[in-house]
Visitor: 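There's a structure below that I have some questions on.
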Protein chains: 2
Amino acid sequence: MDAMDRKILARLQADSRASLQEIGAAVGLSASPCWGRIKKLEEAGVIEGYTVRLNPQALGLSDTVLVQVTLDSHSDNTLEKFGEVLATIPEVVEAHLVSGDYDYLLRIVVKDTRDYERLLREKLYKIRGIRHSRSSFVLRTLKKADLPLHGTPP
Amino acid sequence: MDAMDRKILARLQADSRASLQEIGAAVGLSASPCWGRIKKLEEAGVIEGYTVRLNPQALGLSDTVLVQVTLDSHSDNTLEKFGEVLATIPEVVEAHLVSGDYDYLLRIVVKDTRDYERLLREKLYKIRGIRHSRSSFVLRTLKKADLPLHGTPP
DNA sequence: TGTGAAACTAACTGGGG
DNA sequence: CCCCAGTTAGTTTCACA
(Lines give C-alpha, C1' and ligand atoms only; values in the text may rest on other atoms or scores of the structure.)
Protein backbone atom coordinates (compact mmCIF):
# COMPACT_ATOMS: atom_id res chain seq x y z
CA MET A 1 0.00 0.00 0.00
CA ASP A 2 1.93 2.99 -1.23
CA ALA A 3 0.99 6.39 -2.65
CA MET A 4 0.47 4.88 -6.12
CA ASP A 5 -2.04 2.37 -4.78
CA ARG A 6 -3.94 5.15 -3.09
CA LYS A 7 -4.04 7.15 -6.33
CA ILE A 8 -5.41 4.14 -8.15
CA LEU A 9 -8.07 3.61 -5.47
CA ALA A 10 -9.08 7.25 -5.63
CA ARG A 11 -9.54 6.91 -9.39
CA LEU A 12 -11.57 3.71 -8.95
CA GLN A 13 -13.77 5.33 -6.32
CA ALA A 14 -14.58 8.09 -8.79
CA ASP A 15 -15.14 5.68 -11.69
CA SER A 16 -14.58 1.96 -11.37
CA ARG A 17 -15.19 1.46 -15.10
CA ALA A 18 -12.24 3.55 -16.18
CA SER A 19 -10.00 1.40 -18.38
CA LEU A 20 -6.54 0.38 -17.18
CA GLN A 21 -5.10 2.78 -19.75
CA GLU A 22 -7.07 5.69 -18.32
CA ILE A 23 -6.10 4.77 -14.78
CA GLY A 24 -2.49 4.38 -15.81
CA ALA A 25 -2.49 7.79 -17.49
CA ALA A 26 -4.10 9.36 -14.39
CA VAL A 27 -1.50 7.97 -11.99
CA GLY A 28 1.55 7.99 -14.27
CA LEU A 29 1.98 4.29 -15.00
CA SER A 30 1.24 1.93 -17.87
CA ALA A 31 -1.73 -0.42 -17.86
CA SER A 32 -0.14 -3.67 -16.67
CA PRO A 33 1.32 -2.55 -13.35
CA CYS A 34 -2.06 -0.93 -12.60
CA TRP A 35 -3.73 -4.23 -13.29
CA GLY A 36 -1.31 -6.07 -10.99
CA ARG A 37 -1.78 -3.56 -8.21
CA ILE A 38 -5.55 -3.74 -8.45
CA LYS A 39 -5.48 -7.55 -8.29
CA LYS A 40 -3.26 -7.34 -5.18
CA LEU A 41 -5.66 -4.86 -3.57
CA GLU A 42 -8.58 -7.20 -4.31
CA GLU A 43 -6.77 -10.19 -2.82
CA ALA A 44 -5.70 -8.21 0.24
CA GLY A 45 -9.36 -7.31 0.82
CA VAL A 46 -8.79 -3.58 0.41
CA ILE A 47 -11.15 -3.65 -2.54
CA GLU A 48 -14.24 -5.57 -1.40
CA GLY A 49 -16.17 -5.31 -4.63
CA TYR A 50 -17.53 -3.17 -7.42
CA THR A 51 -20.91 -1.40 -7.40
CA VAL A 52 -23.11 1.21 -9.01
CA ARG A 53 -24.12 4.52 -7.49
CA LEU A 54 -27.90 4.63 -7.94
CA ASN A 55 -30.24 7.59 -7.68
CA PRO A 56 -32.80 6.51 -5.06
CA GLN A 57 -35.34 9.16 -6.17
CA ALA A 58 -35.29 7.87 -9.73
CA LEU A 59 -36.10 4.44 -8.32
CA GLY A 60 -39.09 5.71 -6.40
CA LEU A 61 -37.22 5.63 -3.09
CA SER A 62 -37.74 9.23 -2.08
CA ASP A 63 -37.31 9.17 1.68
CA THR A 64 -34.44 8.13 3.83
CA VAL A 65 -34.99 7.99 7.56
CA LEU A 66 -32.39 7.80 10.31
CA VAL A 67 -33.73 5.95 13.31
CA GLN A 68 -32.14 6.02 16.75
CA VAL A 69 -32.96 2.90 18.70
CA THR A 70 -32.46 2.01 22.37
CA LEU A 71 -32.88 -1.60 23.43
CA ASP A 72 -34.03 -2.91 26.79
CA SER A 73 -31.01 -5.12 27.29
CA HIS A 74 -27.37 -4.76 26.29
CA SER A 75 -26.51 -8.44 26.30
CA ASP A 76 -24.62 -10.17 23.49
CA ASN A 77 -27.70 -12.22 22.82
CA THR A 78 -29.94 -9.19 22.34
CA LEU A 79 -27.52 -7.65 19.86
CA GLU A 80 -27.31 -10.91 17.94
CA LYS A 81 -31.10 -11.29 17.74
CA PHE A 82 -31.61 -7.66 16.78
CA GLY A 83 -29.06 -8.00 13.97
CA GLU A 84 -30.81 -11.12 12.68
CA VAL A 85 -34.18 -9.41 12.50
CA LEU A 86 -32.75 -6.34 10.76
CA ALA A 87 -31.09 -8.58 8.18
CA THR A 88 -34.57 -9.68 7.04
CA ILE A 89 -35.87 -6.13 6.45
CA PRO A 90 -34.70 -4.90 3.01
CA GLU A 91 -35.59 -1.26 3.73
CA VAL A 92 -32.99 -1.21 6.49
CA VAL A 93 -29.88 -0.53 4.44
CA GLU A 94 -27.53 0.19 7.34
CA ALA A 95 -27.46 -0.60 11.05
CA HIS A 96 -24.75 0.48 13.45
CA LEU A 97 -24.14 -0.13 17.11
CA VAL A 98 -22.99 3.23 18.46
CA SER A 99 -21.64 4.82 21.61
CA GLY A 100 -23.47 7.67 23.30
CA ASP A 101 -26.98 8.05 24.62
CA TYR A 102 -28.74 5.70 22.26
CA ASP A 103 -27.69 2.24 21.07
CA TYR A 104 -28.27 1.81 17.38
CA LEU A 105 -28.56 3.98 14.34
CA LEU A 106 -30.55 2.60 11.42
CA ARG A 107 -30.67 4.02 7.94
CA ILE A 108 -33.95 3.15 6.30
CA VAL A 109 -34.92 3.82 2.68
CA VAL A 110 -38.60 4.00 1.69
CA LYS A 111 -40.91 5.21 -1.09
CA ASP A 112 -42.66 7.87 0.98
CA THR A 113 -43.92 8.65 4.46
CA ARG A 114 -46.89 6.32 4.08
CA ASP A 115 -44.49 3.52 3.26
CA TYR A 116 -42.42 4.42 6.33
CA GLU A 117 -45.46 4.41 8.57
CA ARG A 118 -46.33 0.95 7.27
CA LEU A 119 -42.79 -0.29 7.89
CA LEU A 120 -42.81 1.11 11.42
CA ARG A 121 -46.15 -0.51 12.23
CA GLU A 122 -45.64 -3.85 10.51
CA LYS A 123 -41.94 -4.48 11.09
CA LEU A 124 -40.10 -2.25 13.54
CA TYR A 125 -42.76 -2.02 16.25
CA LYS A 126 -43.02 -5.81 16.19
CA ILE A 127 -39.40 -6.27 17.19
CA ARG A 128 -39.26 -7.26 20.86
CA GLY A 129 -36.82 -5.53 23.15
CA ILE A 130 -36.97 -2.03 21.70
CA ARG A 131 -37.26 0.41 24.59
CA HIS A 132 -37.36 3.55 22.56
CA SER A 133 -36.95 4.78 18.97
CA ARG A 134 -36.76 8.18 17.40
CA SER A 135 -37.02 8.88 13.65
CA SER A 136 -35.36 11.72 11.75
CA PHE A 137 -36.17 12.25 8.08
CA VAL A 138 -33.36 13.34 5.79
CA LEU A 139 -34.60 16.65 4.36
CA ARG A 140 -31.54 17.41 2.27
CA THR A 141 -28.16 15.84 1.66
CA LEU A 142 -25.42 18.48 1.72
CA LYS A 143 -22.53 16.14 0.99
CA LYS A 144 -21.86 12.60 -0.12
CA ALA A 145 -18.19 11.93 -0.76
CA ASP A 146 -15.70 9.13 -1.27
CA LEU A 147 -13.37 7.99 1.48
CA PRO A 148 -10.42 10.30 2.14
CA LEU A 149 -7.31 8.51 0.83
CA HIS A 150 -4.72 11.15 1.54
CA GLY A 151 -3.55 10.26 5.04
CA THR A 152 -0.35 8.30 5.61
CA PRO A 153 -0.68 4.52 5.05
CA PRO A 154 -1.03 1.85 7.84
CA MET B 1 -38.18 1.07 -15.79
CA ASP B 2 -39.63 -2.40 -15.67
CA ALA B 3 -38.94 -5.53 -13.66
CA MET B 4 -36.09 -6.47 -16.01
CA ASP B 5 -34.34 -3.16 -15.42
CA ARG B 6 -34.64 -3.67 -11.68
CA LYS B 7 -33.13 -7.15 -11.97
CA ILE B 8 -30.22 -5.74 -13.94
CA LEU B 9 -29.68 -2.99 -11.36
CA ALA B 10 -29.75 -5.51 -8.54
CA ARG B 11 -27.07 -7.51 -10.32
CA LEU B 12 -24.97 -4.38 -10.90
CA GLN B 13 -25.30 -3.34 -7.26
CA ALA B 14 -23.92 -6.73 -6.25
CA ASP B 15 -21.13 -6.64 -8.84
CA SER B 16 -20.79 -3.87 -11.39
CA ARG B 17 -17.96 -5.71 -13.14
CA ALA B 18 -20.06 -8.69 -14.12
CA SER B 19 -19.87 -9.12 -17.90
CA LEU B 20 -22.94 -8.47 -20.04
CA GLN B 21 -23.10 -12.21 -20.66
CA GLU B 22 -23.25 -12.93 -16.94
CA ILE B 23 -25.87 -10.25 -16.39
CA GLY B 24 -27.88 -11.52 -19.31
CA ALA B 25 -27.77 -15.07 -17.99
CA ALA B 26 -28.85 -13.86 -14.52
CA VAL B 27 -31.88 -11.98 -15.82
CA GLY B 28 -32.81 -14.20 -18.78
CA LEU B 29 -31.71 -12.06 -21.72
CA SER B 30 -28.80 -11.93 -24.16
CA ALA B 31 -25.95 -9.46 -23.82
CA SER B 32 -27.03 -6.72 -26.23
CA PRO B 33 -30.41 -5.78 -24.76
CA CYS B 34 -28.75 -5.68 -21.34
CA TRP B 35 -26.21 -3.24 -22.73
CA GLY B 36 -28.96 -1.07 -24.23
CA ARG B 37 -30.95 -1.03 -21.00
CA ILE B 38 -27.90 -0.10 -18.95
CA LYS B 39 -27.12 2.79 -21.33
CA LYS B 40 -30.69 4.02 -20.98
CA LEU B 41 -30.48 3.83 -17.19
CA GLU B 42 -27.24 5.82 -17.28
CA GLU B 43 -28.74 8.50 -19.50
CA ALA B 44 -31.90 8.69 -17.40
CA GLY B 45 -29.69 9.32 -14.35
CA VAL B 46 -30.84 6.18 -12.55
CA ILE B 47 -27.25 4.96 -12.64
CA GLU B 48 -25.11 7.87 -11.44
CA GLY B 49 -21.77 6.14 -11.71
CA TYR B 50 -19.62 3.14 -10.91
CA THR B 51 -17.51 2.73 -7.76
CA VAL B 52 -15.52 0.35 -5.60
CA ARG B 53 -16.51 -0.87 -2.18
CA LEU B 54 -13.41 -0.29 -0.06
CA ASN B 55 -12.52 -1.68 3.34
CA PRO B 56 -11.86 1.40 5.49
CA GLN B 57 -9.94 -0.57 8.12
CA ALA B 58 -7.52 -1.89 5.53
CA LEU B 59 -6.89 1.72 4.53
CA GLY B 60 -6.08 2.76 8.06
CA LEU B 61 -9.47 4.44 8.53
CA SER B 62 -10.57 2.56 11.63
CA ASP B 63 -13.12 4.88 13.17
CA THR B 64 -16.33 6.30 11.87
CA VAL B 65 -18.10 8.89 13.95
CA LEU B 66 -21.68 10.12 13.63
CA VAL B 67 -21.98 13.73 14.74
CA GLN B 68 -25.26 15.44 15.54
CA VAL B 69 -25.00 19.17 15.00
CA THR B 70 -27.35 22.01 15.95
CA LEU B 71 -26.75 25.44 14.44
CA ASP B 72 -27.55 28.84 15.95
CA SER B 73 -29.58 29.99 12.98
CA HIS B 74 -31.86 28.17 10.56
CA SER B 75 -31.58 30.64 7.70
CA ASP B 76 -30.91 29.67 4.08
CA ASN B 77 -27.63 31.49 4.29
CA THR B 78 -26.41 29.54 7.31
CA LEU B 79 -27.19 26.25 5.62
CA GLU B 80 -25.37 27.34 2.48
CA LYS B 81 -22.25 28.45 4.41
CA PHE B 82 -22.21 25.32 6.53
CA GLY B 83 -22.39 23.15 3.42
CA GLU B 84 -19.50 25.02 1.85
CA VAL B 85 -17.27 24.53 4.86
CA LEU B 86 -18.11 20.82 5.09
CA ALA B 87 -17.24 20.40 1.42
CA THR B 88 -13.65 21.35 2.23
CA ILE B 89 -13.21 18.72 4.96
CA PRO B 90 -12.36 15.35 3.37
CA GLU B 91 -13.01 13.38 6.55
CA VAL B 92 -16.67 14.43 6.38
CA VAL B 93 -17.99 11.84 3.96
CA GLU B 94 -21.69 12.56 4.45
CA ALA B 95 -23.75 15.48 5.73
CA HIS B 96 -27.53 15.53 5.99
CA LEU B 97 -30.03 18.14 7.03
CA VAL B 98 -32.55 16.23 9.14
CA SER B 99 -35.86 16.73 10.87
CA GLY B 100 -36.18 16.18 14.61
CA ASP B 101 -34.42 17.64 17.59
CA TYR B 102 -31.07 18.31 16.01
CA ASP B 103 -30.29 19.81 12.60
CA TYR B 104 -27.51 17.93 10.85
CA LEU B 105 -26.03 14.49 10.92
CA LEU B 106 -22.42 14.16 9.78
CA ARG B 107 -20.60 10.95 9.04
CA ILE B 108 -16.91 11.37 9.64
CA VAL B 109 -14.18 8.84 8.86
CA VAL B 110 -10.84 9.01 10.67
CA LYS B 111 -7.73 6.94 11.43
CA ASP B 112 -8.30 6.77 15.19
CA THR B 113 -9.64 8.70 18.14
CA ARG B 114 -6.53 10.93 18.25
CA ASP B 115 -7.17 11.84 14.64
CA TYR B 116 -10.80 12.61 15.49
CA GLU B 117 -9.80 14.80 18.42
CA ARG B 118 -7.51 16.73 16.10
CA LEU B 119 -10.26 17.14 13.49
CA LEU B 120 -12.69 18.35 16.13
CA ARG B 121 -10.23 20.89 17.50
CA GLU B 122 -8.75 22.13 14.23
CA LYS B 123 -11.74 22.00 11.93
CA LEU B 124 -15.18 21.46 13.44
CA TYR B 125 -14.82 23.69 16.50
CA LYS B 126 -13.63 26.50 14.25
CA ILE B 127 -16.90 26.55 12.29
CA ARG B 128 -18.91 29.57 13.42
CA GLY B 129 -22.58 29.12 14.15
CA ILE B 130 -22.49 25.67 15.74
CA ARG B 131 -24.61 25.81 18.89
CA HIS B 132 -24.13 22.24 19.93
CA SER B 133 -22.61 18.99 18.70
CA ARG B 134 -22.67 15.43 19.96
CA SER B 135 -20.43 12.61 18.72
CA SER B 136 -21.27 8.92 18.59
CA PHE B 137 -18.60 6.41 17.59
CA VAL B 138 -19.64 3.45 15.47
CA LEU B 139 -18.69 0.44 17.59
CA ARG B 140 -19.97 -2.22 15.23
CA THR B 141 -21.78 -2.33 11.91
CA LEU B 142 -24.56 -4.92 11.98
CA LYS B 143 -25.74 -4.41 8.42
CA LYS B 144 -24.68 -2.70 5.21
CA ALA B 145 -26.93 -3.55 2.29
CA ASP B 146 -27.82 -2.46 -1.22
CA LEU B 147 -30.95 -0.45 -1.98
CA PRO B 148 -34.19 -2.47 -1.95
CA LEU B 149 -35.31 -2.79 -5.59
CA HIS B 150 -38.37 -4.90 -5.10
CA GLY B 151 -41.13 -2.33 -4.66
CA THR B 152 -43.40 -1.38 -7.51
CA PRO B 153 -41.87 1.08 -10.05
CA PRO B 154 -42.59 4.87 -10.15
C1' DT C 1 -37.73 -5.49 -28.35
C1' DG C 2 -34.82 -9.37 -28.54
C1' DT C 3 -31.10 -12.43 -31.07
C1' DG C 4 -26.74 -13.60 -32.99
C1' DA C 5 -22.61 -12.62 -35.41
C1' DA C 6 -18.91 -9.27 -36.77
C1' DA C 7 -15.83 -5.41 -35.51
C1' DC C 8 -13.60 -3.17 -32.06
C1' DT C 9 -11.61 -2.27 -27.45
C1' DA C 10 -9.98 -3.51 -23.09
C1' DA C 11 -8.17 -7.07 -19.90
C1' DC C 12 -4.73 -10.30 -19.11
C1' DT C 13 0.09 -12.91 -19.93
C1' DG C 14 4.79 -13.35 -20.49
C1' DG C 15 9.57 -11.78 -22.15
C1' DG C 16 13.02 -8.30 -21.52
C1' DG C 17 15.10 -3.94 -19.13
C1' DC D 1 9.05 -3.18 -10.30
C1' DC D 2 7.96 -1.24 -14.95
C1' DC D 3 7.26 -1.27 -20.06
C1' DC D 4 5.82 -3.30 -24.33
C1' DA D 5 3.77 -6.60 -27.53
C1' DG D 6 0.80 -10.64 -28.18
C1' DT D 7 -3.43 -13.34 -26.85
C1' DT D 8 -7.88 -13.78 -24.92
C1' DA D 9 -12.19 -12.02 -23.36
C1' DG D 10 -15.71 -8.50 -23.22
C1' DT D 11 -18.22 -4.62 -25.34
C1' DT D 12 -20.50 -2.25 -28.96
C1' DT D 13 -22.82 -2.14 -33.42
C1' DC D 14 -25.94 -3.84 -36.80
C1' DA D 15 -28.94 -6.68 -39.82
C1' DC D 16 -32.78 -9.55 -39.12
C1' DA D 17 -36.80 -11.78 -36.65
Visitor: From C-beta outward on B:Ser19, which listed nucleotide comes closest to its side chain: D:dG10, C:dT3, D:dC3?
Guide: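 The answer is D:dG10, which lies nearest to the side chain.
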
Visitor: Are any of the side-chain nitrogens in A:Lys126 or A:Glu122 under 4.0 Å away from the carboxylate oxygens of its partner?
Guide: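 So A:Lys126 does not pair with A:Glu122 through a salt bridge.
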
Visitor: CD1 of A:Ile38 versus P of D:dC2: gap in Å, rounded?
Guide: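 The distance from CD1 of A:Ile38 to P of D:dC2 comes to 13 Å, rounded to the nearest Å.
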
Visitor: Measure CG/B:Leu29 against P/C:dT1 and give the value in whole Å, please.
Guide: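 Going from CG in B:Leu29 over to P in C:dT1 covers 12 Å.
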
Visitor: Answer with base, sugar-phosphate or nothing: what part of the nucleic acid does A:Arg37 contact at a heavy-atom distance below 4.0 Å?
Guide: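 Sugar-phosphate: the residue A:Arg37, judged by heavy atoms under 4.0 Å, touches backbone atoms but no base.
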
Visitor: Less than 4.5 Å apart, any side-chain heavy atom of A:His74 and any of A:Asp103?
Guide: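 Counting from C-beta outward, A:His74 and A:Asp103 do come under 4.5 Å.
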
Visitor: Could you give the CE-to-C1' distance, from B:Met1 to C:dT1, as a whole number of Å?
Guide: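 To the nearest whole Å, that distance equals 17 Å.
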
Visitor: Show the nearest heavy-atom pair for residues B:Asp63 and B:Thr113, with the distance to one decimal.
Guide: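 Where B:Asp63 meets B:Thr113 most closely, the heavy atoms are OD2-N, 3.3 Å.
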
Visitor: Nearest heavy atom decides the nucleotide; on that basis, is A:Leu20 or B:Gly28 closer to the 5' end of DNA chain C?
Guide: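 In this pair, the answer is B:Gly28.
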
Visitor: Please report the distance, rounded to the nearest Å, between CG in B:Asp2 and P in C:dT1.
Guide: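 So the CG-P distance, B:Asp2 to C:dT1, works out to 9 Å.
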
Visitor: Could you give the CG-to-P distance, from B:Leu12 to D:dT11, as a whole number of Å?
Guide: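 Taking CG of B:Leu12 and P of D:dT11, I get 11 Å after rounding.
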
Visitor: Nearest whole angstrom, please: distance from the C1' of D:dT11 to the CZ of A:Arg17.
Guide: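 Atom-to-atom, A:Arg17 to D:dT11, this comes out as 9 Å.
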
Visitor: State whether A:Arg11 and A:Asp146 are salt-bridged, where the test is any N-O pair (Lys NZ or Arg NE/NH1/NH2 against Asp/Glu carboxylate O) under 4.0 Å.
Guide: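 No.
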
Visitor: Is A:Trp35 near enough to C:dC12 that one of its side-chain N or O atoms lies under 4.0 angstrom from OP1 or OP2?
Guide: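 Yes, such a contact exists.
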
Visitor: Where each residue is assigned the nucleotide of DNA chain C containing its nearest heavy atom, which of A:Gln21 and A:Ser32 is assigned the position nearer the 5′ end?
Guide: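 The 5'-side residue here is A:Gln21.
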
